[in-house]
2 protein chains.
Amino acid sequence: MTDQSVSERKRCAILDAARAVFSHKGYSEASVDDVAEHAGIAKGTLYLYFKSKERLYLDALASDLRAMSAEAKQEMERAGTLRDKLRAFLRVRLEYATSRESFLRIYLAEYGSLFVKTAISPDLIQLLRENMRYVAGVIAQAKRRGEIRTVAPYAVAAAFFDISRGLLERRLLGWKEFRAADEIEFAIQLLFSGIQNAEKGNMHAKRSSKREAHRAKIA
Amino acid sequence: MTDQSVSERKRCAILDAARAVFSHKGYSEASVDDVAEHAGIAKGTLYLYFKSKERLYLDALASDLRAMSAEAKQEMERAGTLRDKLRAFLRVRLEYATSRESFLRIYLAEYGSLFVKTAISPDLIQLLRENMRYVAGVIAQAKRRGEIRTVAPYAVAAAFFDISRGLLERRLLGWKEFRAADEIEFAIQLLFSGIQNAEKGNMHAKRSSKREAHRAKIA
DNA sequence: TGAGATTATGACTGACCAGTCAGTCAGTGA
DNA sequence: TCACTGACTGACTGGTCAGTCATAATCTCA
């Protein structure tokens, strides 16, 4: 094995340690000493591989995030229908919740901190936007094929991302017994069919709905 | 005005300053000196009103969160149909995104940090669970009335929360021009009717969907 | 084997910050 | 005018931690 791969391997080991520590304490509460100790090296050594704590953090996050996005995209391209594509997306992400739990915890926390930080990794936002655009594109295609009714692809993609993230969160919080396959099927079913009772119309509700919709408009 | 209300007013002023500062820097990056300076008082004075930085933070978060939850619940009770109740829920929350933006930023960040912290405010989790339970109850009622098709109320409530949070996030990030009323209507429409093209069935996709569903089951 | 190169170490420094407390001062009542 | 009160102040302390660097250990190859 070449020097390159030895040092690359060590780098990855440090990144793994970083993910483990950051996912337990969060960025601010975790110290570089913690990470070094967890990796079984001295702090000075860590600084041979990463120029700062922030860089270490961002690399730990970005490498897995890129891998997950790429895998989800690949699996979606392999699938035929929109249903299957979206199912594949959810499946890949939920698999990561098992195989790379630490990474996902950091990812979810970082997502939240988007709202209270001015300087967040531009890469991260960029990647999120790209993912969103890709899914929106997939939805737009399905719409053109007549597979789904006419809806705004970008808005649907956004809602789908929201639900997807919710699944990950509930999986990680363990709020209840979590059967991944069932959750995926339910989410897909909900997204495609909604909750409305198709047999019994809700005509009697038309009036008050209009009123509430108007209130929403004023807001 | 009584002494009580003077000191209560000052307390509120400090909480406002705390929300402003925490929403810009996050909990860890913000210092108590920042908050005191923003409130126009000395640090020592702040400690007359709050026993610690953490207490200040949690109070700043909890008071608004309780108010928002209560208002949403009240508006939902006022509404008649499930559609109107859910609309009201989204409307109240989006109004908060305008009137109490700082609070919402902190709330979203805190939500994210659930995944990397062991010790989070038990109050917060409790409140989130209660909200979820309430909405799930509302959905269960609608199901009993035959207003919606048979579906798992808790899972629907979870998905609805996810979408609701997504709306808030997109509103705060300003990723695009955001017309609250339109976004609300779209979300409701999506939740009730889904995206499936009711006219053209998707029978041709049945086979491969089964296969992907199976793959998801294995995961 | 040994000299030079590479990798690793951990004590140290300077900056930061939560929380304290001795002292200040505005207001009040006599 | 003066004594008293308690809200308020901000310098200070003890502790933490990111990042550095002089030194040591290990490796490589002639």
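These figures come from a predicted structure and were not determined experimentally. A note on names: the letters A, B, ... follow the listed sequences, proteins ahead of strands, and every chain is numbered from 1.
When side chains are defined from C-beta on, B:Tyr27 does not count as touching B:Ile106, because their heavy atoms never get closer than 4.5 Å.
Rounded to whole Å, atom P of C:dC21 lies 13 Å from atom CG of B:Leu48. Note: CD1 (A:Ile41) to P (C:dT9) measures 7 Å, nearest angstrom. Atom P of nucleotide C:dA18 and atom CD of B:Glu37 are separated by 13 Å, given to the nearest angstrom. Look at CG on B:Leu56: it is 11 Å from P on C:dA18, rounded to the nearest Å. In this structure, A:Ile14 places its CD1 atom 11 Å from C1' of C:dA8, rounding to the nearest Å.
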- Could you write nucleotides 11-22 of chain D as a row of B, S and -, 5' to 3', where a protein heavy atom under 4.0 Å of any base atom gives B, of only sugar-phosphate atoms gives S, and otherwise -? -------BBB--
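Residues passing the salt bridge (Lys or Arg N to Asp or Glu O under 4.0 Å) test with A:Glu185, sequence neighbours excluded: A:Arg87. Remark: A:Lys25 pairs with A:Asp34 by the salt bridge (Lys or Arg N to Asp or Glu O under 4.0 Å) rule, at least two apart or across chains.
Counting non-hydrogen atoms under 4.0 angstrom, B:Phe50 reaches nothing in the nucleic acid.
Classification of B:Arg100 and B:Asp16 as a salt-bridged pair holds, one side-chain N sitting under 4.0 Å from a carboxylate O.
Ring planes of B:Tyr111 and B:Tyr107: perpendicular class, angle over 60° (limits at 30 and 60°).
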Please list, one pair per line, the donor and acceptor atoms closer than 3.5 Å that link side chains of residues 125-136 of chain B to other protein atoms, with sequence neighbours excluded.
{"from": "B:Asn131", "atom 1": "ND2", "to": "B:Ser69", "atom 2": "OG", "distance (Å)": "3.0"}
{"from": "B:Tyr134", "atom 1": "OH", "to": "B:Glu77", "atom 2": "OE2", "distance (Å)": "3.4"}

Determine all donor-acceptor pairs shorter than 3.5 Å in which one atom belongs to a side chain in residues 156-166 of chain A; sequence neighbours excluded.
{"from": "A:Asp162", "atom 1": "OD1", "to": "B:Arg170", "atom 2": "NH2", "distance (Å)": "3.2"}
{"from": "A:Asp162", "atom 1": "OD2", "to": "B:Arg170", "atom 2": "NH2", "distance (Å)": "2.2"}
{"from": "A:Ser164", "atom 1": "OG", "to": "A:Arg93", "atom 2": "NE", "distance (Å)": "2.8"}
{"from": "A:Arg165", "atom 1": "NH1", "to": "B:Glu169", "atom 2": "OE2", "distance (Å)": "3.2"}
{"from": "A:Arg165", "atom 1": "NH2", "to": "B:Glu169", "atom 2": "OE1", "distance (Å)": "2.5"}
{"from": "A:Arg165", "atom 1": "NH2", "to": "B:Glu169", "atom 2": "OE2", "distance (Å)": "3.2"}

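In this structure a side-chain-to-backbone donor-acceptor pair under 3.5 Å is missing from B:Arg105 to A:Val116.
Considering only side-chain atoms of B:Lys10, the nucleotide from C:dG10, D:dT9, D:dC8 that sits closest is D:dC8.
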Taking only nitrogen or oxygen atoms into account, show me every contact under 3.5 Å that the protein makes with nucleotides 4-6 of chain D, one pair per line with its distance.
none

